[in-house]
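Okay, structure first, notes after.
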Amino acid sequence: MTAAAAATTVAVSGAALATADRPPMPAATAAGWRQPCPPIVAGDEAGYLAHMVAHHQEAVEAAGQLRRSGRAEMRALGASIVRTQTAEITTMKAWLAEWYVGRQAASYQPMMRDLSKLSGDALDETFLEDMIPHHMEAVMMSQQLLVRGRIQHQEVAGFARTVRDGQRAEMFRMQRYLADWFGAGREMPCGPRGGPWPWPDGSTPSPSRAPGYNWMPGGMMHR
């Protein structure tokens, strides 16, 4: 595929993701830089756990590629994601085996591009572009599960809050990296229109809490 054809295939909001040194996004997924939020359906507790196992597994595989990054910050980020989400996968699998025997694995559409052949800036930028919306999906699924009252076990409630808050914090950390290293004015890939949504405790976690950034309508971050 030529660079022009690739750009046409994966153009997002008038700007193409695919370039000569980056693989195209999977055509079947709605995820990607500056694309609309993917449709998020948390479903019930078992569905949440089954989907999140696959979701975490993709993140762990992608984050493992950051061992090759030339930036210490990215290597540390990758190691943290691998460590945290590997432990969470073990926990979720144990819950599924105990509470939902025979539950089939969730079907899953990949959200991230193949990073195995990338290096240098291409590796870091592509990872950040793809992992931010990947984290956004986990944050939104966890929030939906909490507010819809479909949790059957209190352990899962605490787990969902941890995923929501931890990955949200990492999202804004990654956004800062993108702006600092690859140009200011980058938009968040998706977000709640008209402002942030409240957590179950009634608080409003504005992304403007991230140092140096403010929340704009349509989910846009700016300095």
Side-chain angles (χ1 to χ4, degrees), residues 6-7 10-25 29-38 40 58-59 62-82 84-85 111-115 118-140 142-143 163-197 199 204-223:
V10 296
V12 182
S13 298
L17 277 175
T19 65
D21 60 352
R22 291 173 178 79
M25 286 293 293
T29 180
W33 191 243
R34 294 186 180 180
Q35 288 186 346
C37 291
I40 307 298
E58 183 180 41
Q65 297 292 330
L66 294 182
R67 290 190 299 267
R68 300 182 289 105
S69 174
R71 292 181 171 92
E73 298 96 331
M74 293 296 287
R75 294 194 300 273
L77 173 64
S80 177
I81 291 174
V82 169
T84 299
Q85 297 201 28
M111 295 183 67
M112 301 191 67
R113 289 168 282 182
D114 180 11
L115 304 174
L118 300 182
S119 60
D121 282 354
L123 170 63
D124 292 349
E125 186 174 12
T126 302
F127 177 89
L128 292 169
E129 287 178 344
D130 291 1
M131 190 58 79
I132 292 174
H134 196 272
H135 271 30
M136 175 66 83
E137 182 176 84
V139 169
M140 295 178 70
S142 299
Q143 177 67 359
V163 170
R164 179 196 67 191
D165 297 344
Q167 294 203 24
R168 178 179 169 273
E170 285 184 343
M171 280 171 52
F172 292 105
R173 177 181 172 189
M174 290 188 284
Q175 173 68 15
R176 289 195 296 272
Y177 289 163
L178 269 176
D180 290 345
W181 298 333
F182 304 109
R186 307 295 288 268
E187 294 180 3
M188 289 294 283
C190 62
R193 295 191 176 277
W197 64 101
W199 289 156
T204 302
S206 171
S208 62
R209 293 178 185 172
Y213 288 84
N214 293 302
W215 187 251
M216 296 291 288
M220 182 185 297
M221 291 285 289
H222 76 101
R223 286 178 179 249

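- Closest approach of Ser142 and Val163 over heavy atoms only: OG-CG1, 3.5 Å.
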Derivation and outcome, salt bridge (charged side-chain N to carboxylate O under 4.0 Å, His left out), residues Glu73 and Arg173: CA-CA 10 Å; Glu73 298 96 331; Arg173 177 181 172 189; over 6 Å; no
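- When the shell of 6.0 Å around CZ of Arg75 is examined, it contains more than 12 heavy atoms from other residues, nucleotides or ligands.
- Remark: Tyr177 OH to Ile132 CD1 distance equals 11.5 Å, nearest 0.5 Å.
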Would Gln167 and Arg164 count as a side-chain hydrogen bond (donor to acceptor under 3.5 Å, both in side chains) here? Give the steps. CA-CA 6 Å; Gln167 294 203 24; Arg164 179 196 67 191; over 6 Å; no
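- To the nearest 0.5 Å, atoms CG (Asp114) and CG (Asp130) are separated by 10.5 Å.
- With values rounded to the nearest 0.5 angstrom, Arg168 atom CZ is found 13.0 Å from Met140 atom CE.
- Interatomic distance, Met74 CE to Glu125 CD, rounded to the nearest 0.5 Å: 10.0 Å.
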Applying side-chain contact (heavy atoms from CB on, under 4.5 Å), run through Gln65 and Phe127 and close with a yes or a no. CA-CA 9 Å; Gln65 297 292 330; Phe127 177 89; over 6 Å; no
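- Taken from CE in Met174 to CE in Met131, the straight-line distance is 6.5 Å, to the nearest 0.5 Å.
- Here the CD atom belonging to Glu137 is positioned 4.5 Å from the CE atom belonging to Met111, to the nearest 0.5 angstrom.
- In this structure a side-chain-to-backbone donor-acceptor pair under 3.5 Å is missing from Ser80 to Ala76.
- Considering all non-hydrogen atoms of both residues, Val82 and Ala63 come closest at CG2-CB, 3.8 Å.
- A distance-only check finds a donor-acceptor pair linking the side chain of Arg68 to the backbone of Leu118 [under 3.5 Å].
- Across all their heavy atoms, Ala62 and Leu115 have their closest contact at O-CD1, 3.8 Å.
- Every side-chain hydrogen bond (donor to acceptor under 3.5 Å, both in side chains) that Arg71 has, sequence neighbours left out, goes to Asp121, Asp124.
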